[in-house]
Structure formats: structure tokens, C-alpha cells
Colleague: 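Got a structure here, written out as C-alpha cells. Questions coming.
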Amino acid sequence: MLKNILIFVTLLYCGALAANSAQPAPVLTEQQQQQVLQRLQEPMYRPLMERYILDELKSLRQDQQKLREDVTLQLTHKQLDAADRALTYTTDTINNVLFIITATASLLVLVGWNSLRDIKNKVEETVNDRVGNITEEYEQRLRTLEEKLKERSEEILNNQRKITITNEIHSLWMRANLESDMHGKIEMYDEILKRHPDDVEAMVYKADALLELEQTGPAINLCNQALEIDSDYGYAYWQRACAYALLDQYADAIADIKMALAYSPNLKNELNNEPSFQVLETNPSFKELVEHW
């Protein structure tokens, strides 16, 4: 690999020399080639980050599909086991009832019931009542079991949907971090807000991108929405202060800077580095704030 890179750099260097001079390019010595390599400021290749993200998402989808199949199989086995137990219990109960009826009929014959028809009617009535009670009891149990299984299935599906949305949001955040165009960043933040409308972080970062495009009004509205959801989010005050500073509303900007530093003290390192605050450098209140922090 190093040999190939060395040859490639040598060819580039020779091509540059040929373009600047009509004379034939001199052959570089090995020492000169090493010096050319040392002057390289960045690697000659970049990792395929997008391909890595797609592979990770594909792996997550496969794992979710396998989980769904396993859960469905387990639920089916449990339903079959419950039905088998219910049927076995019903069969055993009916057999016991028949034994009891037979013994009772024999006893009634011995004690002198008037006719076999009376015995038959009594037996049928007893069996019907007993079987009806058992059937009703197990139908109720099966309905309860079915409701619990249905609730559990819905819970699993909801969790899977939440996992899918979380993965999509994570992917969108990564794409937004890699995006250099502000319009592209705003599109990524809008996609995040479609999936999670109360994401205050996405609102504030979208406001930051809008400020880069000099859209101060929409940026202030987004910061206000974020603070309505989470009034302790310091970065929302910071972005709104930037917007107020660009609109020459210095008093409001300094008030928001104080709130931002109160909730997020680590922002003090950015006071002198924030381009939007350059218009406040001559303001006495801002100077006092910088000296205090």
C-alpha cells in the first residue's frame, strides 16, 4: 500500500512539474519522495461512513424481525399448552362426573326410585349443569388469557415501533452532523421533529441553522417553543440571545445570556468566541458579564 501511495504521489508531483515547465520532469530520489509523503496533510482515502450506517440499520432490522418471529412462536406454544390443559381437565372432570352419576344411579335404584326415566332425566340434568358450569369457567379463563396475550402483543409492537423511531432519529442526527449545507441540516432537523415533535434539542439546532441563514424571526419562534417544553434548557436561551443580538435588541440578548449561563455554565467558554456577540463587545453590561464569568 505504501509503495502504491509513493508511486501515486510521485506521478502527481511529476505532473505538476511538467505543467509548470516545458522541460522534462526530473526523477525524484527516494529521499525527496519521502519528503513529499510527509507534507501530506490528510489521508488519501476516507472511510465509507454511510455504508457503515446502512449496514448497522440492516442488522437492526434483521434482529427485530427475528425477535418478532420468536415472540410469535412463543405465544402460539403458550396458547396450545393452555388449550391442551383445559381440554385434559375437562375430560377428567366429565369422567369423574360420569363415575359419580353411575354410582348415584345405582344407589337410587337400590333405594327405590319410581322409574328408570326419572333416573335418566336426573342424570341428564346433572350432567348438563356440570358440563355447562365447567365450559363457562374455562371459556372465561381462555378469554382472560387471550386478553392478556393481546395486551402483551400490542406492548411488544409498540416497543418495536419506538425502537424503529429511535434508530431513525439517531441516523438523522448522524446525517445532520455530516451535512455541511445549512438547508440540508434544516431538512434533517425537520425529519427528526416529524418523528419526535417535542425534541427541544432538534428545535434549537434548527434555530442555529436558521441564524446562519439570517432568518432570525423563525429562529426566535423555535427557541420560544423549545423553552415552553423545557424552560431549563440553557442552549435555547443562548440561541435566542444570538438572534436578539443580530436584531440589535441588546438588553434582551444580555438577559438571555445570563439565563443560558445559569442553566449551562459550560457555555461561558463561548462568550468571546460567538460571532453573534461581537456587536455587544462595547456594551458595558456585556463587559461586566464577561468579567464576572
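Predicted model, so just to flag it, every value in this text is computed and none were measured. Keep in mind that the numbers below use all heavy atoms, side chains included, and drop hydrogens, waters and symmetry copies.
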Colleague: Are more than 12 heavy atoms, taken from residues, nucleotides or ligands other than Glu56, located less than 6.0 Å from that residue's CD atom?
Modeller: yes
Colleague: Decide whether Ile254 and Phe277 are clustered together by the hydrophobic rule: side chain heavy atoms of Ile, Leu, Val, Met, Phe, Trp, Tyr closer than 4.5 Å, transitively.
Modeller: yes
Colleague: Would you please test Asp256 and Gln239 for side-chain contact (heavy atoms from CB on, under 4.5 Å) and show each step?
Modeller: CA-CA 9 Å; Asp256 277 347; Gln239 290 299 328; over 6 Å; no
Colleague: Look up atom OG1 in Thr164 and atom CZ in Arg161, then write down how far apart they are to the nearest 0.5 Å.
Modeller: 9.0 Å
Colleague: With rounding to the nearest 0.5 angstrom, report the OG1 to CG distance, Thr90 to Asn95.
Modeller: 11.0 Å
Colleague: Quick check on the hydrophobic clustering: are Tyr237 and Leu280 connected, directly or via other members, by side-chain heavy-atom contacts under 4.5 Å?
Modeller: no
Colleague: Please check: side-chain N/O of Thr72 versus main-chain N/O of Arg68, any donor-acceptor pairing under 3.5 Å?
Modeller: yes
Colleague: Does Glu191 pair with Arg195 as a salt bridge, N-O distance under 4.0 Å?
Modeller: yes
Colleague: Linking I/L/V/M/F/W/Y whenever their side-chain heavy atoms sit closer than 4.5 Å, directly or via other members, would Tyr235 and Ile229 fall into one cluster?
Modeller: yes
Colleague: Determine whether Leu67 and Ile163 fall in the same hydrophobic cluster, where Ile, Leu, Val, Met, Phe, Trp and Tyr are linked whenever their side-chain heavy atoms lie under 4.5 Å apart.
Modeller: no
Colleague: Between Asp63 and Ser59, is any pair of side-chain heavy atoms under 4.5 Å apart?
Modeller: yes
Colleague: Report the C-alpha separation of Gln140 and Arg143 in whole Å, then their side-chain angles, then the decisive distance to 0.1 Å, and conclude whether the side-chain contact (heavy atoms from CB on, under 4.5 Å) test is met.
Modeller: CA-CA 5 Å; Gln140 182 62 34; Arg143 281 195 296 269; 2.8 Å; yes
Colleague: Strictly by modelled atom types, are Asp248 and Tyr250 linked by a side-chain donor-acceptor pair under 3.5 Å?
Modeller: yes
Colleague: So does Glu136 have more than 12 non-hydrogen atoms from other groups sitting under 6.0 Å from CD?
Modeller: no
Colleague: Using the rule given for side-chain contact (heavy atoms from CB on, under 4.5 Å), can you reason through Ile156 versus Gln160, listing the C-alpha separation, both sets of side-chain angles and the distance that settles it, and then say yes or no?
Modeller: CA-CA 6 Å; Ile156 291 172; Gln160 289 178 347; 3.9 Å; yes
Colleague: If you round to the nearest 0.5 Å, how far is CG of Asp70 from CD of Gln65?
Modeller: 10.0 Å
Colleague: Distance-only, no hydrogens or angles: does the Ser231 side chain make a donor-acceptor pair with backbone N or O of Leu227 under 3.5 Å?
Modeller: no
Colleague: Measure across Ala236 and Ala226 and return the closest heavy-atom pair with its distance rounded to 0.1 Å.
Modeller: CB-CB, 4.3 Å
Colleague: Please examine the side chains of Thr126 and Ile100, heavy atoms only from C-beta on, and report whether any two atoms are closer than 4.5 Å.
Modeller: no
Colleague: Glu124: what forms a side chain to side chain donor-acceptor pair (under 3.5 Å) with it, not counting sequence neighbours?
Modeller: none
Colleague: Just to verify, what does Arg141 make a side chain to side chain donor-acceptor pair (under 3.5 Å) with, not counting sequence neighbours?
Modeller: Glu137
Colleague: With no hydrogens and no angle check, do the side chains of Arg61 and Gln64 hold a donor and an acceptor under 3.5 Å apart?
Modeller: no
Colleague: Is any side-chain heavy atom of His196 closer than 4.5 Å to a side-chain heavy atom of Ile165?
Modeller: no
Colleague: Pairs of donor and acceptor atoms involving the side chains of residues 198-218, under 3.5 Å and at least two apart or interchain, shall be tabulated with distances.
Modeller:
unit_1	atom_1	unit_2	atom_2	d
Asp199	OD1	Glu201	N	3.2
Asp199	OD1	Ala202	N	3.2
Lys206	NZ	Asp190	OD1	2.5

Colleague: Nearest heavy-atom pair of Leu261 and Lys268: which atoms, and what distance?
Modeller: CD2-N, 3.5 Å
Colleague: Pair Tyr233, Trp238 - check ring pair (Phe, Tyr, Trp, His ring centres under 6.0 Å), show working.
Modeller: CA-CA 9 Å; Tyr233 190 43; Trp238 182 273; over 10 Å; no
Colleague: Run the salt-bridge test on Glu155 and Arg152 with the 4.0 Å N-O cut-off and return the result as yes or no.
Modeller: yes
Colleague: Answer with yes or no whether the hydrophobic clustering places Val279 together with Tyr244; edges join I, L, V, M, F, W, Y residues whose side-chain heavy atoms lie under 4.5 Å apart.
Modeller: no
Colleague: Please examine the side chains of Leu142 and Glu146, heavy atoms only from C-beta on, and report whether any two atoms are closer than 4.5 Å.
Modeller: no
